[in-house]
Amino acid sequence: MTALPGETPGTVGTDTPQDTVSPPEAGAEGPEHAEAPDASDAPDASDAPDPSGAPEAPDASEGGESSDTPADADDDAEDAEAEAGADAAPAEAAPAAELSEAQAELAAQRELRERIEKRKAEKAAPIAAGTGLSGTAADLLAAVRAVESGEKSGTAFFDRPAATPASRRPAPAAAQPTRTPAPEAAPTARTATPEALDAVRAVLTEGGAPEALARPAVGALGEQAAEQLRTDPWRLLAVPGVRPEQADGFARALLGADCGPDDGRRTAALVGWLLERAALQGHTALDADAVRTALAERAVGDPDAAVRDAVEEGVALVFQEGDEPSADDAGAADSDGEADEAGDADVAREPVQVLLGLDRYALAEESLADGLARLVNACEKAADWAEAAASAPSPSAAELIRTTAAAGLVAHSGGEAARAEPAALIAAARGLGLRALGATHSEDGRRRLAAATGDPDTAVTLSGLLSGAQGPGRDEDGALALDLLVVLDAPQLDVEGAAVLVEALADGARLVLSGDPGVLGSAGAGRVFADVLASHACPQVVSRTPDPGPIGELVSGIGIGELNQVDAPGKEVVIVPVRDAGEAVHRTVQLVADSVPRAFGIPAEETQVITVGHGGAAGTRALNEALKQRLNPGPGRFGGFDPGDRVVHVPAPGRAVPGVVLSADAEGLRLDCGGVPVVVPQERVESSVRHGWALSAHQAAGMRWPAAVVVLPGDAAQGLSRPWVYTAFGRGERHLSVVHGVDQALPHAVAQVPAQERTTRLRPLLEALPTPDAAS
């Protein structure tokens with residue numbers, strides 16, 4: 001495999017590029033220990049899930065699309081608080097609890113949350129066990145209790161029987177579906193009363209915890225946070241950024257000798273914390289053995305009992321994946337695959353994987369699987385699309401139109417150039433009088449889709465569509481007034497957002513999930529697009545339209561594990577070798593401010609810097625500081641920002657919105673985010689706004705710029721994976737510069753470090769559902 005080719009753009013004072021500079025020789029600089037990725041980068045597939053040692057919850061303002069899993073969540077989960085110290089870490093990440101309630105696209109989940117709380121409140125009452133998981137909280141809990149008590153074997157609950165089409169929600173012609181009411185405007189962050197804050201501060205002070213945790217504690221635990229913390233100090237783990245050792249110290253200060261490592265309150269909180277940390281890495285569930293191992297590493301004497309107690313308390317749900325579930329209880333279920341002594345001793349059972357998960361993700365996955373099956377079974381074939389397919393601009397577009405005419409759910413995959421095919425589908429559907437719309441992950445994606453269709457009314461962002469700020473609104477049943485919805489950037493869909501989206505579609509509507517399977521995944525938990533593709537639950541259309549030019553050729557090779565040398569006569573791809581992180585920062589600033597504008601005519605404001613993590617000598621923080629000093633120096637009089645600063649606004653975890661600072665006043669910091677005015681309240685600026693000249697790859701996913709500068713310092717080697725490189729290198733439309741300091745770690749990552757699998761339950765759920773028109 002050959003190294004990347006390229007030439008270095010001209011330096012200051014020259015109008016022509018310099019001569020070609022060869023990449024450094026192998027071994028010139030050994031890769032250093034990679035910095036821990038930032039969760040804002042959403043979990044990256046390259047990051048191995050480590051329930052016991054997952055990084056601290058990062059500052060929400062650095063949260064990008066989770067994505068190499070977290071979907072790759074930029075898949076690097078850098079421990080932002082590790083540098084700040086034990087006390088500062090929880091306080092710094094505190095606002096994340098408030099941000100989560102501000103997610104417009106999850107407004108409809110409030111009803112689900114209420115049902116969950118109701119189930120927990122009533123769990124002591126007798127519950128009749130059902131015959132299979134239905135997706136509701138009651139059925140899930142019934143399954144857990146029956147397996148625990150030994151009344152039923154796991155088979156009765158976890159071997160989901162195949163449902164018949166008649167059990168699905170009928171099409172509108174047969175009956176009117178029951179719909180979730182249209183979501184209201186995005187809820188504002190919970191406002192804590194002064195009394196509640198004072199009470200929490202008193203408890204925190206008594207336990208030796210920072211008073212700065214008072215507001216996020218109330219945000220996470222409610223007005224009764226002080227009482228909860230005094231009764232159960234380990235509830236502090238519910239506050240984003242707090243680690244178990246910090247909660248242990250807080251508990252010892254409050255309880256003294258009355259607490260120990262096997263305290264039931266501690267073990268239950270640890271199980272919940274481990275599952276929440278796994279969700280930051282993109283997993284919707286964890287292997288029970290991994291949870292027990294992590295508990296043992298944290299001085300829990302009886303991990304099996306701790307898991308059983310956590311399940312009984314409703315902290316976690318248990319699932320068994322496999323054809324032959326064990327008859328043991330939930331906490332100590334046998335998954336070693338040994339022969340069944342009660343049956344034929346000569347017939348060995350298949351290994352059974354016992355999973356633990358949070359009810360919020362279990363509900364979302366069950367709801368999403370049922371909703372997707374409903375779309376498949378309720379849609380009728382359309383015979384009048386033949387003419388539209390015949391006039392399609394490409395064979396792949398024609399295939400997509402024909403497939404969509406015959407199916408309620410379609411998966412479409414392809415690169416950047418393949419986005420023209422969903423655009424052609426939308427135009428064709430609207431030409432037939434259908435209410436068709438395309439939804440993208442970012443405002444930049446919306447503009448590109450609108451340009452491809454030639455109609456700005458055909459494109460919205462997903463957040464704008466679900467919040468009602470964009471799109472056609474809702475019908476009388478609360479469903480989106482659409483006949484066809486095409487979701488581009490589908491790999492960025494997390495399971496909760498996807499569940500809300502599918503539930504909002506009317507019976508008979510068509511849904512097309514379109515995206516590039518090679519990019520980093522969602523910032524939130526789940527791998528929706530990958531699971532839909534792997535389950536073969538619907539027809540799939542693979543684009544035959546390649547991405548053009550040297551950048552397209554380079555990225556296409558990376559997608560199949562090859563880092564090829566490409567011919568770049570117009571210097572579309574350039575390699576800039578560096579020896580250390582300091583030189584990487586220097587050369588990056590030079591490229592953005594001087595070389596790229598001079599050699600390629602691309603101004604600095606249209607060049608995006610992308611690097612592996614947020615911390616470190618060449619992370620986003622260091623690069624943004626250097627770029628600000630060169631491109632827009634100033635005192636930072638508006639909370640560290642000046643008019644003209646490029647920033648990234650994170651209105652909710654997993655959503656990174658690029659913008660520019662306009663001004664500030666009593667209402668807050670005023671931004672221009674892709675032509676949309678945004679006012680960030682003063683108290684939210686520090687937690688939700690960061691400088692944005694440099695982004696992580698997860699934050700950049702779903703967007704493109706005329707030029708991209710990808711920075712790979714030596715300490716980034718361990719954070720690289722094929723999806724990361726694929727995503728980062730594909731962000732430039734006309735030019736790509738690679739500041740190369742990782743030597744052979746780059747070709748190694750492309751060839752041998754694929755996306756790390758996320759543990760989810762959606763694929764088996766989809767495989768178990770009847771889909772008459774599913775592709776073989």
Side-chain angles (χ1 to χ4, degrees), residues 103-116 118 133-140 163 167-172 175-187 284 359-379 408-410 435 437 439 460-487 490 492-513 522 524-526 528-529 531-532 537-538 652 760-762 765-766 769 771:
Q103 296 185 60
E105 64 267 30
L106 295 182
Q109 288 283 12
R110 287 179 296 172
E111 181 180 353
L112 291 178
R113 300 291 185 271
E114 293 173 1
R115 299 211 309 264
I116 293 171
K118 182 178 179 181
L133 289 174
S134 68
T136 65
D139 289 336
L140 289 172
S167 68
R168 306 266 160 234
R169 210 178 326 190
Q176 284 294 330
T178 301
R179 285 289 161 198
T180 302
E184 302 173 0
T284 60
D359 49 11
R360 59 183 287 194
Y361 299 119
L363 283 169
E365 286 182 312
E366 292 274 346
S367 174
L368 178 57
D370 289 340
L372 292 176
R374 170 177 62 86
L375 293 179
V376 170
N377 294 318
C379 183
L409 175 66
V410 176
R435 299 170 299 176
L437 199 64
V460 297
T461 62
L462 273 174
S463 59
L465 176 66
L466 292 174
S467 67
Q470 300 174 356
R474 307 273 178 147
D475 61 21
E476 61 276 8
D477 295 318
L480 292 170
L482 290 171
D483 301 307
L484 168 65
L485 177 64
V486 181
V487 178
Q492 305 307 312
L493 274 177
D494 64 271
V495 68
E496 289 185 301
V500 173
L501 177 67
V502 171
E503 178 62 24
L505 294 175
D507 291 344
R510 287 173 164 80
L511 174 64
V512 176
L513 299 177
S522 65
V528 175
F529 189 56
D531 282 339
V532 169
C538 67
T760 67
R761 298 178 53 248
L762 180 59
L765 289 174
L766 291 174
L769 292 172
T771 53

Taking [Y]'s backbone N and O only, do any of them form a donor-acceptor pair with [X]'s side chain (distance below 3.5 Å, no angle check)?
X      : Y      : value
Asp494 : Ala525 : no
Asp475 : Asp477 : yes
Arg374 : Val502 : yes
Glu365 : Thr760 : no

Minimum heavy-atom distance [X]-[Y], with the two atoms named:
X      : Y      : answer
Ala369 : Leu765 : CB-CB, 3.8 Å
Ala509 : Leu375 : O-CD2, 3.8 Å
Pro472 : Ala481 : CG-O, 3.6 Å
Tyr361 : Val495 : CD2-CG1, 4.1 Å
Thr461 : Gln470 : N-OE1, 2.8 Å
Leu513 : Phe529 : O-CE1, 3.4 Å

For Ala439, enumerate each residue passing the side-chain contact (heavy atoms from CB on, under 4.5 Å) test, keeping only those at least two apart in sequence or located in another chain.
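Applying side-chain contact (heavy atoms from CB on, under 4.5 Å) to Ala439 gives Val460, Leu462, Leu465, Leu485.
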Residues forming a side-chain contact (heavy atoms from CB on, under 4.5 Å) with Ala469, sequence neighbours excluded:
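So Ala469 forms a side-chain contact (heavy atoms from CB on, under 4.5 Å) with Ser467.
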Derivation and outcome, side chain to side chain contact (heavy atoms under 4.5 Å, CB included), residues Val532 and Cys538:
CA-CA 8 Å; Val532 169; Cys538 67; 3.9 Å; yes
Spacing of [X] atom [atom1] and [Y] atom [atom2] [to the nearest 0.5 Å]:
X      : Y      : atom1 : atom2 : answer
Glu496 : Leu363 : CD    : CG    : 9.5 Å
Leu501 : Leu368 : CG    : CG    : 9.0 Å
Asp483 : Leu505 : CG    : CG    : 10.5 Å

For Leu511, which of Leu484, Val376, Val486, Leu409 qualifies under side-chain contact (heavy atoms from CB on, under 4.5 Å)?
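Of Leu484, Val376, Val486, Leu409, side-chain contact (heavy atoms from CB on, under 4.5 Å) with Leu511 is met by Leu409 alone.
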Could you go through Ser367 and Glu503, starting from their C-alpha distance and side-chain angles, then the distance that decides it, and tell me whether this counts as side chain to side chain donor-acceptor pair (under 3.5 Å)?
CA-CA 8 Å; Ser367 174; Glu503 178 62 24; 4.7 Å; no
Decide yes or no for Thr284 and Leu762: does some side-chain heavy atom of the first lie under 4.5 Å from some side-chain heavy atom of the second?
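A side-chain contact under 4.5 Å is absent here.
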